[in-house]
Colleague: 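Below: one structure in structure tokens.
Since the structure is predicted, the reported quantities are computational estimates derived from the model, not experimental observations. Per chain, numbering begins at 1; letters A, B, ... match sequence-line order.
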Amino acid sequence: MTASQVIFYILSAFILGTAVLSVTTAKIFRSAIWLLFSLIGVAGLYFWLEVEFIAAVQIVVYVGGIVVLIIFSIFLTQQSGKEMLKASMLRNIASILSVLFGFALTYNLIYNNNFQAKDKPFDWTVNKIGTQMLETGENGYALPFEVVSILLLAAMVGCIVIAIKSKPEEKNG
Amino acid sequence: MNYSSYIALIPLLPLAGFILLGIFGRKYFKSSSGIIGTGLLLVSTVLSLYTAYKYFFVDGKAGDTYQTITALKFTWLSFSENVSIDMGIILDPISVMMLVVVTFVSLMVHVFSLGYMKGEERFATYYAFLSLFTFSMLGLVVSSNLFQVYIFWELVGVSSYLLIGYYYDKPSAVAASKKAFVVTRFADLGFLIGILILAFYGKSLDIKTLMENLQSSELAAISAASFVGISALTWGLTLIFIGGAGKSAMFPLHIWLPDAMEGPTPVSALIHAATMVVAGVYLVARLFPLFALTHAALSIVTFVGIVSAFLAAIIACTQTDIKRVLAYSTMSQIGYMMFALGISGYGGESGLGYTASMFHLFTHAFFKSLLFLGAGVVIHFIHSNEIKDMGGLRKYLPITNLSFLIACFAIAGIPPFAGFFSKEEILLASYHSNKMVFAVALLTSGLTAFYMFRLYFSIFWNKNTVVNSHHGEGPVSMKLPLVILAFCSIFAGLIPFGEFVSSDGKALDSHFDPLFSIAPVLFGVVGILLAMWMYKKESNKPKQISNSLGGLYKVAYKKFYIDEIYVFITKKIIFNLIGRPAAWIDKNIVDGLMNGIANTTAAVSNWIKGVQSGKVQSYAIYFFGGIVALAIVFLYLWK
Amino acid sequence: MNLSLLIIVPLLTAIVVLLVKGLKQVRTVALIGSAAQLVLCFVLFYFYQQERANGNTANFIFEDNYTWYAPLNINYHIGVDGISIAMVLLTTFVVIAGVLVSWKMERLNKEFFFLLLFLSLGAYGFFIALDLFTLFFFLEVAVIPKFLLIGIWGSGKKEYSAMKLALMLMGGSALVFVGLAGLYFNTNVNGAHSFDLVQIANMNIPIEVQKLFFPFAFIGFGIFTALFPFHTWVPDGHSSAPTAASMFLAGISMKLGGYGCLRVATYLMPDAAHEYSTIIIVLACIAILYGAFATMMQTDLKYINAYSSVSHCGFVLLGIGMLTKTAIDGAVMQMVSHGLMTALFFAVIGMIYDRTHTRQVAQLGGLMKMMPFISTVFVIAGLCSLGLPGFSGFVAEMTVFMGSWEKADAFYRIATIIACASIVVTAVYILRATGKAIMGPVVNNEHLTLYDAGWNEKLAASLLIVGIVIIGVVPFFLKDLISPGTGIIIQKLASLIK
Amino acid sequence: MADIPISHILFVSTALFFIGMYGLFTRRNMITVLMSIEIILNSVNINFVVFNKYLYPDRLDGIFFTIFIITIAAAEAAVAIAIIINLYRSHRSIDVESAEEMKY
Amino acid sequence: MVNDFLILMKQELVITLIIFVLLFVKLSNKDTKNETLINFVNILLALNLVSGFFMIREGNLFGDMFHTDELLTLEKNLLNLGTLIISLQSYNWLKDHKHMPEFYILMLSTLLGMFFMISSNNLLMFYLALELSTIPLAALANFDLEKRRSSEAAFKMIVSSAFSSGLLLFGISLVYGATGTLNFAALSTSFTSTPLNIFAFVLLIAGFGFKISAVPFHLWTADVYEGSPVPVTSYLSVISKGAILFVLVSVLYKVFTPLNESWYNMLFIISVLTMIIGNLFALRQQNMKRFLAFSSIAQVGFILIGITGQSAEGSASVIYFVLVYIFSNLAAFGVINLISATTGKENINDYKGFYKTNPRLSWVLAIALFSLGGIPPTAGFFGKFFLLLAGAGRGNYLLISIAALNMVISLYYYLRIIKAMFMDANENPIEDVKAGWSPKLAMIICVTGIIITGLASGAYQYIYSLVK
């Protein structure tokens, strides 16, 4: 077993393990932390895959953005130490069964599809990504970029409207 | 004058009367409607008499045979190439005779009613209905087409219905009218199916063509085709006979006739004595060439006829309502006519029964309507139908007394009154063909004499009733018909009927045989004497005799419980076992099924509502479940 | 003659009704409109006879064919033959009578007349349509107004009845739709599918296809015409409906079904009609006799007439099922006859109800005394219903019987006899109702103050009676009118029957 | 690196996907539900990158897709959190079962 | 290039312009009257609608990211029309709303997303546009900020949509893995029917199914519709559904042709389930919005039948039906919107005796419901007829029969409301509601549309000519 393999399996185990903990642990704050670890693990996997740019984005957006947002909202909404309520037994069993079954089905299909890696170097550079991102012609991603920016704008507007505390009383009074 | 130029007027004039009086009578002819109706009918009567004269004495005969003349014919409704309903008028001996009888008796009744119905609220309506009846009956007798017969047959039925129910606010009248209609309708069902059968094989509805077809080319087919072992021809004729039996109140379809007496008495005289009730006889006579083809059908006719004659006579002896007695007597007499036809053969001497039947029909019309009109005078006078309210009326009602007596002699078959001749011919014919029938007929004739004179003596003799009536026999309009009809009752029998009417159109000699007549006359006289002994004076003899007869009397008095059987069948069986379940099934099962579909839908809807639990995570599970299910179906099951 | 006028006139009338104000104006407009339509129909009848007299032997006359939805080959195609004319005439009679009996409609009269006219529009369109889409369109147009008419102006459990009627009829038209779609996709006119009735009729649809889709079309239309066991909307619907709507429902709406069974199902799929005739006949016989027996037990006048409609419409189906020319003639005649007769019956029941506020036979009695006109009309309607000669019912029923009897086979024979037997049962229930409600002593003394029919009611009843009597006395007019039409239908069948 | 078969990496992503799904099904806290969604999106990202790198290295479709997914995940999370906060204001709870008012 | 850009993307550009103007107004903190802004937006939307009929060209932009032609322009125009109608109808609700500009920003950005989705030629673009048209909607659902139900609706929507987009993405990733391309044209040749592909396809269908609320992916629909403000509900049920249907048709017909047989059967199952479940649930509803949610689910079932036709008639009938559906459903929502905004009543029982007090509104609602129920002479009849006819083209008469019978069930609940309005008595009916010119205009447009689009064949023929 090569080092790369070892690293991969360790990373995999780490990702999956922390993910499982994240969705099962009873304390919400811990859950968020486990999620953080899991996301970092995924970033590690990207490193291992040698797509460092994505790894960087992953860390910046997820770890730096989303998880922080989540933790922030946890603080806003409740005490961190409190244990969360458990789902009902029935729901749990149904979920486990459906998830296991779904996984078996899906992975069976994927496995049987027998993806064969092409023996070609994967050459990407940040530069290439950057130019393509703003290119308007063939293989250009300018339009998606615009679309996403509008989406972000809209999301922002939406967040502000919804989350900002309205003060009707002040206006009236 | 050619027939076609005026013949249609005979039925159409009364129709015009009906329309005129029916629509405008109430408003505009309230009092004059009687005159209008009678006047129109008078014209018809004159025309019929003229036609009769012309037919019988001028141009009806070709060689030695009376022809069937088609005076008028047009297609009214065609079904297929050959089969169509034609409206037409045929003239042959029996139709011409019937024209005369119907118009004449109807005219008498019209005239009589002028007095009898005076002051009625619905005077105009009454005349409208009478006109409608006359129209229908005339249409019936001159029909050239079997379906035309049926059409007018139905119209006659409805006029009868309307007239019986004339006193519409009397529940008994309403019930009687309904009963009359329904029973005859039931019989008509047979008629209708019979028509269908004959028309199918005969490939025509025209009576003449039909008979020709059936007698020649299609005979084999219709005789061979059979259902339950009985040939189609027999079926067809029997069914048609059922129709006739219904209208003619033959056993066991006679139950409507006594009840029909709820109608105004002149109506009974016209419809339920002289004309409509003989339609069945007429029908059989009309189709006689066909009946002659099959022995079976004729046997049924004979059997039904003789049973009716005898049964009705027995019942008549026990009844106390004078109109009912007359009604049963009518039934009995029609039974005579019926079995006379049944025992008759076709053509020549063997056709004596046919001639006799028609002869009896002819004479019976006069004396029976006379009896009814007389009874009408009595009822009008005493305001009751019950014998027990009557007695000794001869002092108050002399003309009625006399004419009633004449009619009684006529019906009892005492010479030289009209009934004697016709009845004697029937008995003679039956003597020659079937001794058993003859015996019963003879007995019946004795019974007839008995119950008629029982009636006569009870009304006009017996106890003295004190009546403080302010009117006597009524106006001239009421007396005149009595006199005329009495006259006819005396002399009608002298007509050499066989000259004119016979089964094959050829003249038939009179069969008057004084020696043979002894027995029937003797029976008649015995009957009269018996009645005289029992009823001339007020006594308790009748009571004693009826008591000594015990159960038998009761059974006869209760009309052999036939009504009760019918009630049982209709109320208990048809209503309870068919009607009610049908309604129930419809409401609960068929409709329940439809409602059930709706309810099930609602129930299912309620049952699955839990899926929409409001829990977003459950939604997600269902969502994923849907995917998995689809994937499995399309990956593994449905390739 | 522009046939579209038959649709345009009611439409315009309906629109004008919406524009004017007040009961007086509304009803005047409605009356004028429907009278105009009556005149129009007679003009059409006259022109039609002229055309025929001039030797025009085309199957359909006065055809108009406009492309409607070109991509789907859907056309607005109309034209008439004798059968259509007979049905159109029937409609116009019933509509005008309906307007007249609703003369004193107080509540929401504008809406009422609008819906009534709109409903009639559907019927007219249906009867003259020669394109299956057009036909289906008008068929459905005529459903919802009924729902509203019953639900808003009805009585008794009106909502239930209205809903039941609407759903069952829509169920019927759903089945019809499947049948039509099936036909459509099995036609080929120059490479395209077609809804055109004339074109489809000239085509030989494979028998398997016919056998598949005939039941859809037939049952679908059959629901409209009270095919057993889908008749249960009839009693409830009719009895809850306001008078004019009952008249329309029983008089015309049920005929839509009969006409459809004949024109679409039987005409276009003769082989299947032949295959399934046994079943049709059995169902028809059940409807006839069982309907009659069920009627016998009813105590509400409207229920009596509604159930008797089930029974009478059975004759229509029987005639169609027998597949002989005479029987089909009879079926068409029965449609016209029953339309007029039952409309008359409902009209008169409505008049009685308006006055006495009850339809229970037991609570009525001796009406003849107070309302001779209405009572006479009732008796006439009853007599027509029980098939008295001189009225239309007799002619129609007898034609059906004669036609049925042409089939020489024990099965058909028994069916015919069963059908014939119903005339007795009919007599029983009609006379029961008449005897109790019209004749007999007056049950309720309050009724003694009631008044007879007004001019509008008299006119309405007279119109219908005139129609009934004309058919009853001179049936050859009607017969000759419809005969070519049924002849065409039978031609397609002729080869099969032998 | 090449000695790891693709299926193994895909195993990780698929497993991650279903772990996320499990969380989404069972967690009663709205925020943890949100976290589960993030896990799901991450698994998809891995898929894209792996496919791109191993199977179709000529173009950068997978990479770009991943980038956009990450962006959208952020937007989605933001909106979701805003909604949750708003909900918390009115319900005083972020238990999923407190938001089950509308049903059937 | 710039010229092309301006012409080909003119609809998107106008919407973007509106968004930015509103943003500017909002940020500039000036006290602009709400009414003015609403009118401004409406006018621009109307202009956009009109411009959609002129200078139509076919072409690609941004490589293969954006594609437009006459049909797509028409589809966008239909959505634009619907949005305009909703905007007109929401006048009463919006004119006093504090966040009016934000409402428009969010709504129009989703509209923009739909336009891009329709024009997308590529799974990436499709996905992004889909998210653009979904995420702001979740925020919109929460626009009744103080109402508990509104937040609940928004939460359910965002969770469901995130979950479904997760599955969709997983599907897309598998497609990508199997074919190496995201481009539609390329997919149509390389997407063969291997088990994995079928699975991926099921995931994609589920993603679509979620948006059009096909059973069993529909469960979020009713709750979200009920909780959201009425304008948002109508927007959700008409515009967002219409857009995804357009895309679904073109994707199924043009891209997944190799899976023809599978997707046909899949749609068969889904549509039957959708019709039946939608109907069964709609039967029992008491809340108008929730009722219309389930009825719209059932409608989707019918639309799917049209799609199964897989012919020019099929796609024409779907597009035509969406047009009809815009008119009919928006007419219904228009009335509900008005009543809800003025009286706050949303229950079916509240509508009892409605005809007494509001005869005109009753007729509008009645005509709308008739159209939804497929009753002639309304356009709904034609729409449904064509859908089912298109479906029957494949010869699956079982499906057609089921659909036809489902129409009967659906009629029941439409008539239930008619019954409540016209027949039922009510002590306290809704008072006489005065509609402003704007909702009135919207209703006139809808009713005219309902009556004209069916009887006059122009609309359908135009669509058909484009599809062909």
Colleague: Which atom names give the shortest non-hydrogen contact between Val44(D) and Gly166(E), and what distance separates them?
Modeller: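 Scanning both residues completely, I find the closest heavy atoms to be CG2-O, 4.0 Å.
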Colleague: Tell me if a side-chain donor or acceptor on Arg290(E) pairs with a main-chain N or O of Lys103(D) at a distance below 3.5 Å.
Modeller: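 Flag set: sc Arg290(E) to bb Lys103(D) pair under 3.5 Å.
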Colleague: About how many Å separate CD1 of Ile72(D) and CG of Leu128(E), when rounded to the nearest 0.5 Å?
Modeller: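 The distance works out to 4.5 Å.
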Colleague: For Ser90(D) versus Arg148(E), what's the shortest heavy-atom pair and its separation?
Modeller: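 Ser90(D) and Arg148(E) have their closest heavy atoms at O-NH1, 3.5 Å.
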Colleague: If the plane angle is over 60° it's perpendicular, under 30° parallel, otherwise tilted; pick one for Phe170(E) and Phe17(D).
Modeller: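 The arrangement is tilted - the two ring planes meet at 30° to 60°.
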Colleague: Which atoms form the tightest heavy-atom contact between Ser165(E) and Glu76(D), and what is the distance?
Modeller: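 So the minimum-distance heavy-atom pair works out to OG-OE2, 3.9 Å.
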Colleague: Is it the side chain or the backbone of Asn52(D) that comes within 4.5 Å of chain E heavy atoms, both, or neither?
Modeller: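 For Asn52(D), heavy atoms of backbone and side chain both lie under 4.5 Å from chain E.
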Colleague: Examine whether an atom of Leu87(D) lies under 4.5 Å from a heavy atom of chain E, and if so say whether it belongs to the side chain, the backbone or both; otherwise answer neither.
Modeller: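 When you check distances to chain E, atoms from both the backbone and side chain of Leu87(D) fall under 4.5 Å.
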Colleague: How close do Ser151(E) and Ile83(D) get, heavy atom to heavy atom, and via which atoms?
Modeller: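 Heavy atoms of Ser151(E) and Ile83(D) come nearest at O-CG2, 3.9 Å.
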Colleague: Mind checking whether Tyr176(E) and Phe51(D) have parallel, tilted or perpendicular rings, split at 30° and 60°?
Modeller: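 Because their plane-to-plane angle is over 60°, the rings of Tyr176(E) and Phe51(D) count as perpendicular.
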Colleague: Looking only at the aromatic ring of each residue, does the gap between the centers of Phe68(D) and Tyr127(E) stay below 6.0 angstrom?
Modeller: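 Not under 6.0 Å, so no.
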Colleague: Compare every heavy atom of Gly177(E) with every heavy atom of Leu55(D), then report the nearest pair and how far apart it is.
Modeller: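 It is CD1-O, 3.4 Å.
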Colleague: What is the distance from atom CD1 of Ile84(D) to atom CZ of Phe155(E), rounded to the nearest 0.5 Å?
Modeller: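 One finds 5.5 Å between CD1 of Ile84(D) and CZ of Phe155(E).
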Colleague: By a 4.5 Å heavy-atom criterion (distance strictly below it), what part of Ala153(E) contacts chain D: side chain, backbone, both, or neither?
Modeller: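 Answer is both: backbone and side chain atoms of Ala153(E) are under 4.5 Å from chain D.
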Colleague: Checking Glu152(E) side chain against Glu101(D) main chain: does a donor-acceptor pair fall under 3.5 Å?
Modeller: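 Here the side-chain-to-backbone pair exists.
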Colleague: Between atom CG of Leu182(E) and atom CZ of Phe65(D), what is the distance when rounded to the nearest 0.5 Å?
Modeller: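 One gets 6.0 Å once the value is rounded to the nearest 0.5 Å.
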Colleague: Which answer fits Thr71(D), side chain, backbone, both or neither, if we ask what part of it has an atom under 4.5 Å from a heavy atom of chain E?
Modeller: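 Neither part, no heavy atoms under 4.5 Å.
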Colleague: Quick one: what part of Ala222(E) sits under 4.5 Å from any heavy atom of chain D, side chain, backbone, both or neither?
Modeller: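 Interface part for Ala222(E): neither.
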Colleague: Please flag which part of Tyr88(D) lies under 4.5 Å from any non-hydrogen atom of chain E: side chain, backbone, both or neither.
Modeller: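 Nothing of Tyr88(D), per the 4.5 Å heavy-atom cut-off to chain E.
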